[in-house]
Amino acid sequence: MTAQLIDGKLIAQQVRDDVAAEVAKRTAAGKPQPVLATVLVGERVDSATYVAAKGKACQDLGMGSVNHHLPANINQEDLEKVISDLNADKSISGILVQLPLPSHLNEERVLQLISIEKDVDGFSPINIGRLAQKGREPLFVPCTPYGCIYLLEQAGVKIEGANAVVLGRSNIVGMPAALLLIGKNATVTVCHSKTKDLPGVIRQADILIAAIGRTEMVRGDWIKPGAAIIDVGINSKPDASKKSGYRLVGDVNFDEAKEVAGFITPVPGGVGPMTIAMLMKNTLRAAQIQQGEI
Ligand code: GUN
């Protein structure tokens with residue numbers, strides 16, 4: 001192994017410890033506890049697991065949380081009423097609508113309804129629009145891309161001037177990650193399923209953020225020697241040696257890539273823990289914004 005491992009679990013824990021210390025300081029000073037409201041629509045097991053983990057993190061860090069679990073067949077109007085009530089509720093610091101929503105609901109209208117001061121996911125069109133524009137700052141940066149950049153910075157990877165390739169262009173990860181890298185003066189290429197000569201493009205990358213959701217798609221010989229690899233993928237791969245019958249792997253073939261890269265995140269234990277850590281940071285920030293502290 002030549003690559004330096006970027007330990008997301010450790011770095012996420014440091015972020016969480018810092019947030020917990022700041023929350024304790026605020027509480028001791030008599031300020032209101034930051035509270036995250038999650039909205040979960042329907043019965044998707046993965047979404048329910050993520051929402052439960054977010055609530056648990058709030059509890060661990062001394063923050064409050066409330067979950068609104070709504071039926072899968074809720075109509076647009078009733079869902080929008082829940083969001084409006086949370087916007088108006090002064091005890092709520094941040095609002096997170098777990099995605100994806102059932103297909104009969106209009107996700108864009110729901111996200112644009114969230115007050116930007118409470119938009120801890122950073123998905124409202126105003127926050128994303130500001131992220132996309134030079135000289136403007138969003139109030140919140142989307143949690144997973146924020147975590148990716150934080151890992152690069154903690155590892156000491158130079159972003160300015162680097163050739164960065166983002167594999168995947170989702171609203172949740174790829175596109176905001178590309179915008180963040182542009183904002184930090186990287187030269188950014190966004191790749192997707194229609195990209196020609198993907199291995200050739202990735203071979204130019206000093207920094208690769210892989211968020212395409214394809215099991216071990218990126219091979220070792222696609223990687224520029226010394227590159228920094230941030231693997232956002234969480235894919236299950238059949239593995240008879242495991243009790244569950246599978247194991248989690250990323251979008252990058254780790255065993256091959258670690259012999260070529262300069263830095264690499266493992267799966268699990270890389271980007272995964274960062275998403276919730278950054279959400280906790282954003283929820284604290286929301287409370288600070290609402291108290292007029294920042
Ligand atoms: N679904 C998958 N990732 C996310 C996320 O970061 N936030 C929300 N709200 N939904 C998601």
Side-chain angles (χ1 to χ4, degrees), residues 6 8 99-100 107-108 111 121-138 140-153 155 157-235 249-254 256-257 260-265 267 270-272 274-275 278:
I6 304 178
L99 302 175
E107 176 187 300
E108 188 183 355
L111 295 178
D121 249 337
F123 292 158
S124 93
I126 294 175
N127 273 321
I128 289 289
R130 287 186 184 170
L131 190 64
Q133 291 183 325
K134 209 171 163 189
R136 308 217 172 128
E137 294 275 345
F140 300 98
V141 173
C143 305
T144 303
Y146 191 7
C148 294
I149 302 298
Y150 196 87
L151 288 178
L152 287 168
E153 289 179 336
V157 174
K158 190 161 187 280
I159 298 177
E160 183 160 289
N163 285 334
V165 169
V166 179
L167 178 56
R169 53 180 162 176
S170 69
N171 291 338
I172 292 178
V173 186
M175 193 54 80
L179 295 172
L180 280 168
L181 288 164
I182 291 169
K184 292 192 175 287
N185 298 321
T187 301
V188 179
T189 306
V190 180
C191 297
H192 44 75
S193 58
K194 303 283 188 291
T195 297
K196 288 186 190 138
D197 186 20
L198 190 57
V201 176
I202 290 178
R203 271 185 208 113
Q204 305 297 314
D206 303 308
I207 294 171
L208 171 66
I209 296 185
I212 193 107
R214 301 266 303 266
T215 301
E216 296 177 330
M217 181 190 196
V218 177
R219 306 302 304 258
D221 66 355
W222 298 15
I223 289 169
K224 180 175 177 180
I229 311 296
I230 304 292
D231 191 348
V232 185
I234 303 177
N235 311 296
V249 298
D251 292 346
V252 176
N253 185 312
F254 182 85
E256 293 176 3
V260 189
F263 299 87
I264 191 164
T265 59
V267 176
V271 175
M274 294 303 293
T275 298
M278 299 330 254

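Along the sequence shown, the residues carry numbers beginning at 1. Predicted model only: the values in this text are computed from it and were never measured.
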Colleague: State, to 0.1 Å, how close T195 and V190 come at their nearest heavy-atom pair, and which atoms those are.
Modeller: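 Residues T195 and V190, closest heavy atoms: OG1-O, 4.5 Å.
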Colleague: Taking L167 as the fixed residue, which of I212, T189, D251 is the one that meets the side chain to side chain contact (heavy atoms under 4.5 Å, CB included) rule?
Modeller: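 It is I212; the other options fail the test.
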Colleague: Quick one: do L208 and V218 satisfy side-chain contact (heavy atoms from CB on, under 4.5 Å)? Show the steps, please.
Modeller: CA-CA 10 Å; L208 171 66; V218 177; 4.0 Å; yes
Colleague: Apply the test side-chain contact (heavy atoms from CB on, under 4.5 Å) to residues I223 and V252: give CA-CA distance (whole Å), side-chain angles for both, the deciding distance (0.1 Å), then the verdict.
Modeller: CA-CA 10 Å; I223 289 169; V252 176; 4.2 Å; yes
Colleague: Is there side-chain contact between F254 and V267, with at least one heavy-atom pair below 4.5 Å?
Modeller: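 With C-beta onward as the side chain, the pair stays apart.
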Colleague: Filter on salt bridge (Lys or Arg N to Asp or Glu O under 4.0 Å), then keep only pairs touching residues 210-222, sequence neighbours left out; what's left?
Modeller: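 Every pair satisfying salt bridge (Lys or Arg N to Asp or Glu O under 4.0 Å) with a residue in residues 210-222: E216-K237, R219-E256.
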Colleague: Quick check: do P142 and I128 have side-chain heavy atoms less than 4.5 Å from each other?
Modeller: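 They are in side-chain contact.
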Colleague: Using modelled atom types and a 3.5 Å cut-off, is there a donor and acceptor pairing between side-chain atoms of S170 and backbone atoms of V173?
Modeller: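 Indeed, once roles are kept as given, a pair shorter than 3.5 Å links the two residues.
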Colleague: Give a yes or no on this: more than 12 heavy atoms of other residues, nucleotides or ligands lie within 6.0 Å of atom CG of N171.
Modeller: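 No - once you tally the heavy atoms of other residues, nucleotides and ligands closer than 6.0 Å, there are 12 at most.
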Colleague: Looking only at heavy atoms, what is the nearest atom pair of V232 and A211, with distance?
Modeller: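 Closest pair (atom of V232, atom of A211, distance): CB-CB, 3.8 Å.
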Colleague: What is the minimum heavy-atom distance between F263 and A155, and which atoms define it?
Modeller: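 Closest pair (atom of F263, atom of A155, distance): CE2-O, 3.6 Å.
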Colleague: My understanding is that only one of T275, I207, V271 makes a side chain to side chain contact (heavy atoms under 4.5 Å, CB included) with C148; could you say which?
Modeller: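 Passing option: V271.
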Colleague: Find out whether M274 and L151 are in side-chain contact, i.e. whether some heavy atom of one side chain is under 4.5 Å from a heavy atom of the other.
Modeller: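 The answer is yes; the side chains approach within 4.5 Å.
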Colleague: Find out whether L180 and L131 are in side-chain contact, i.e. whether some heavy atom of one side chain is under 4.5 Å from a heavy atom of the other.
Modeller: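 L180 vs L131: side chains touch.
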Colleague: Measure across V141 and P138 and return the closest heavy-atom pair with its distance rounded to 0.1 Å.
Modeller: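 The pair with the smallest heavy-atom distance is CG2-CG, 4.1 Å.
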Colleague: Mind checking what makes side chain to side chain contact (heavy atoms under 4.5 Å, CB included) contact with N163, not counting sequence neighbours?
Modeller: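 Only T187, D206 meet the side chain to side chain contact (heavy atoms under 4.5 Å, CB included) criterion with N163.
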Colleague: What is the minimum heavy-atom distance between F140 and N127, and which atoms define it?
Modeller: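 Nearest pair, atom of F140 first, then N127: N-OD1, 3.6 Å.
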Colleague: For W222 and M217, work out which heavy atoms get closest and say how close.
Modeller: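 Closest approach of W222 to M217, heavy atoms only: CH2-O, 3.5 Å.
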Colleague: Assess whether side-chain contact (heavy atoms from CB on, under 4.5 Å) is satisfied between I264 and D231, documenting all intermediate values.
Modeller: CA-CA 8 Å; I264 191 164; D231 191 348; 5.9 Å; no
Colleague: Donor-acceptor check, side chain of D121 to backbone of F123, threshold 3.5 angstrom: yes or no?
Modeller: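 Answer holds: no.
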Colleague: Please list, chain by chain and in numerical order, all residues satisfying side chain to side chain contact (heavy atoms under 4.5 Å, CB included) with A186, sequence neighbours excluded.
Modeller: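 Per chain and number, A186 pairs via side chain to side chain contact (heavy atoms under 4.5 Å, CB included) with I159, A164, L181, V188.
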Colleague: Does some side-chain heavy atom of R203 sit less than 4.5 Å from a side-chain heavy atom of K224?
Modeller: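 Answer no - side chains too far apart.
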Colleague: Check whether any side-chain heavy atom of V201 sits under 4.5 Å from a side-chain heavy atom of V165, and report yes or no.
Modeller: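 Yes - at least one pair of side-chain heavy atoms lies under 4.5 Å apart.
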Colleague: Within a 6.0 Å radius of atom CD on E108, are there more than 12 heavy atoms belonging to other residues, nucleotides or ligands?
Modeller: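 No - once you tally the heavy atoms of other residues, nucleotides and ligands closer than 6.0 Å, there are 12 at most.
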Colleague: Looking at NZ of K158 and CD of E153, how far apart are the two atoms once the value is rounded to the nearest 0.5 Å?
Modeller: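 Result: 12.5 Å between the selected atoms.
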